[in-house]
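Every value quoted in this text rests on a predicted model; they were computed, and no experiment measured them. In the text below, chain A, chain B and the rest are named by the order of the sequence lines, each starting its count at 1.
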Number of protein chains: 2
Amino acid sequence: MLELAVLGLLHESPLHGYELRQRLKATLGTFRAFSYGSLYPTLRRMRDAGWIAEDEGDAEVVAGAPALTGRRGKVVYKLTAEGKEKLAELLAEAGPSAWEDETFGVHFTLFAQTDPEVRVRILEGRRSRLEERREGVRATLARTRARLDSYTLQLQEHGLESVDREVRWLTELIETERKNTPARSTGTTSKKAARP
Amino acid sequence: MLELAVLGLLHESPLHGYELRQRLKATLGTFRAFSYGSLYPTLRRMRDAGWIAEDEGDAEVVAGAPALTGRRGKVVYKLTAEGKEKLAELLAEAGPSAWEDETFGVHFTLFAQTDPEVRVRILEGRRSRLEERREGVRATLARTRARLDSYTLQLQEHGLESVDREVRWLTELIETERKNTPARSTGTTSKKAARP
DNA sequence: AACGCGATGTATCGCTGCGATACATCGCAG
DNA sequence: CTGCGATGTATCGCAGCGATACATCGCGTT
């Protein structure tokens, strides 16, 4: 899902690997880093897929002595038309893949570029996912509570509270979101709206 | 670090893969699952390394028709002497590897089997690690705040608060821990104590 | 003037773990 | 007697991480 993040970032301006990684750190914050070990291979894959292209141009600015081995200028990437299409497609994605732990954060940072309806759907999906998990854990916990030592119990408690906290956060966001949208009809509008 | 978790679980009683996984879910709770995709290969690796051994015995209880293809009874594993050694070694580990995101939870669930001094050291290490991360994010955030849209900002804020929360939790735990131990001298005892 | 160090920059390698999937058996409810 | 959900073992491809290597640039110190 690094792909989505990269696409989103490049949509604003062309960037090279290093910069991309800085931005990734800046936008994702506490959530993840996306090391170079994933970035560069992904960039290559995306280039091969035709979603992004190398935007040579200011390479000579840096290239003081480019004749060493096989040149070493910075490689600036920018979105292609296909890339933009792909981005739009991924941004419209409001299915389970969007509310998974690893993916949700990325989607969230791109909410400014996301359709309001999709935003709400992702937020709600994420919340259900979390609630499911919480109930699952609670159930297992109820069954096994007796067997567990106090440390493990404390960990469970803490984990459960964390989930609770995120659920509450999401709920607030959803309400704000609803308030800010023209409120198209009440409750579950549904009736689909361009599902791929 | 599934290895540590498995070692810790098997230290209490012999178990087979499926059961191991149930226990893993029960003890780790919200933190992770450890799918079969990691469990079984790990089990094999550990067996090959000599840390665990297959404890055949009640295989015939289940084996109604064992002659099918190449038998299919449950495989019960138990700790070997080497396994116990390895467990003790890993349990004494209080270095950076113990306070990483993925590892910390596992260490924590095994705290009942861990030396009190090591417990405190892990807790403190984890806290510093978190504080470092928080400051790092805060710094980047201060530098880039202006460029970020409100959604991204909210994500940052939420993430930061989560980290804060865990730091507070750890602080409480550390205090409790100190209170419960005979308090060997005051503050940073240090002077080392069997570092591998 | 020389030195080195930290930021910038691209890239690879091995490893851990995940999710999906396959397959087989058992006990039980309809 | 039929099928379904729990029990049980196992593999495959993939994403991402952390460590590492290497090269250049701008900077302040000595």
Side-chain angles (χ1 to χ4, degrees), chain A residues 1-6 15-25 28 31-47 54 56 58-77 95-97 100-103 105-106 129 139-140 143, chain B residues 1-6 15-25 28 31-47 54 56 58-77 95-97 100-103 105-106 129 139-140 143:
Chain A
M1 299 306 126
L2 220 194
E3 291 171 3
L4 173 58
V6 168
L15 295 167
H16 55 96
Y18 190 84
E19 246 174 331
L20 228 15
R21 153 105 164 146
Q22 303 297 94
R23 299 297 188 92
L24 248 13
K25 273 204 297 194
L28 276 310
F31 287 102
R32 46 215 322 214
F34 284 126
S35 70
Y36 293 120
S38 353
L39 221 208
Y40 285 111
T42 299
L43 247 16
R44 199 200 306 274
R45 241 188 304 125
M46 293 173 70
R47 190 203 48 194
E54 297 178 19
E56 227 65 32
D58 59 346
E60 62 256 78
V61 175
V62 197
L68 262 187
T69 316
R71 66 177 273 258
R72 224 57 159 67
K74 57 174 80 168
V75 185
V76 178
Y77 293 96
S97 66
E100 235 40 64
D101 287 326
E102 331 75 44
T103 328
V106 175
R129 157 64 94 250
T140 329
R143 260 194 299 104
Chain B
M1 297 310 125
L2 221 195
E3 291 172 4
L4 174 57
V6 169
L15 295 166
H16 56 96
Y18 190 84
E19 247 173 330
L20 229 16
R21 153 105 165 148
Q22 302 296 96
R23 299 297 188 95
L24 249 12
K25 273 205 295 195
L28 275 310
F31 288 102
R32 43 219 318 215
F34 284 124
S35 69
Y36 294 119
S38 354
L39 221 210
Y40 285 110
T42 300
L43 248 18
R44 198 200 308 271
R45 241 187 303 124
M46 292 172 70
R47 189 202 50 194
E54 296 178 18
E56 226 66 32
D58 60 345
E60 63 255 77
V61 174
V62 196
L68 262 188
T69 316
R71 66 176 271 260
R72 224 57 159 67
K74 56 173 83 169
V75 186
V76 178
Y77 293 97
S97 65
E100 236 39 66
D101 287 325
E102 332 75 43
T103 329
V106 175
R129 157 64 94 249
T140 328
R143 261 194 299 102

Whole-Å distance separating the [atom1] atom of [X] from the [atom2] atom of [N]:
{"X": "B:Glu54", "N": "D:dT9", "atom1": "CD", "atom2": "C1'", "answer": "12 Å"}
{"X": "A:Tyr40", "N": "C:dC13", "atom1": "OH", "atom2": "P", "answer": "16 Å"}
{"X": "A:Leu43", "N": "C:dT12", "atom1": "CG", "atom2": "C1'", "answer": "15 Å"}
{"X": "A:Met46", "N": "D:dG16", "atom1": "CE", "atom2": "P", "answer": "11 Å"}
{"X": "A:Arg45", "N": "C:dT12", "atom1": "CZ", "atom2": "P", "answer": "13 Å"}
{"X": "A:Leu20", "N": "C:dA11", "atom1": "CG", "atom2": "C1'", "answer": "15 Å"}
{"X": "B:Lys25", "N": "D:dT7", "atom1": "NZ", "atom2": "C1'", "answer": "12 Å"}
{"X": "B:Asp101", "N": "C:dG17", "atom1": "CG", "atom2": "C1'", "answer": "15 Å"}

To the nearest 0.5 Å, what is the distance between [atom1] on [X] and [atom2] on [Y]?
{"X": "A:Leu24", "Y": "A:Leu2", "atom1": "CG", "atom2": "CG", "answer": "6.0 Å"}
{"X": "A:Gln22", "Y": "A:His16", "atom1": "CD", "atom2": "NE2", "answer": "9.0 Å"}
{"X": "B:Leu43", "Y": "B:Arg21", "atom1": "CG", "atom2": "CZ", "answer": "13.0 Å"}
{"X": "A:Met1", "Y": "A:Ser38", "atom1": "CE", "atom2": "OG", "answer": "12.5 Å"}

With respect to the side chain of [X], which nucleotide from [options] is positioned closest?
{"X": "B:Phe34", "options": "D:dT11, C:dG17, D:dA6", "value": "C:dG17"}
{"X": "B:Arg32", "options": "C:dA7, D:dG8, C:dC18", "value": "C:dC18"}
{"X": "A:Lys74", "options": "D:dT11, C:dG9, C:dG17", "value": "C:dG9"}

ask   = Taking only residues two or more places apart in sequence, or in another chain, which ones meet A:Phe34 in a ring pair (Phe, Tyr, Trp, His ring centres under 6.0 Å)?
value = none
task = Between A:Met1 and B:Gln22, just flag the one whose closest nucleotide in DNA chain D comes earlier from the 5' side.
result = B:Gln22
Between the protein and nucleotides 19-21 of chain C, list the N/O to N/O atom pairs that are separated by less than 3.5 angstrom.
none

ask   = Taking it one step at a time, do A:Tyr18 and A:Lys74 satisfy side chain to side chain contact (heavy atoms under 4.5 Å, CB included)?
value = CA-CA 9 Å; A:Tyr18 190 84; A:Lys74 57 174 80 168; over 6 Å; no
ask   = When you measure from the centre of the six-membered ring of A:Tyr77, is the NZ or CZ of A:Arg47 under 6.0 Å away and within 45° of the axis?
value = no
query = In the structure shown, which nucleotide is the Watson-Crick or G-U wobble counterpart of D:dG18, with both distances under 3.5 Å?
reply = C:dC13
ask   = So does A:Arg44 get a side-chain nitrogen or oxygen closer than 4.0 Å to the phosphate oxygens (OP1/OP2) of C:dT10?
value = no
task = Could you check whether B:Arg21 gets within reach of a base, just the sugar-phosphate, or nothing at all, counting any heavy atom under 4.0 Å?
result = nothing
inquiry  = Regarding A:Leu39, tell me which of base, sugar-phosphate or nothing describes its non-hydrogen contacts under 4.0 Å with the strands shown.
reply    = nothing
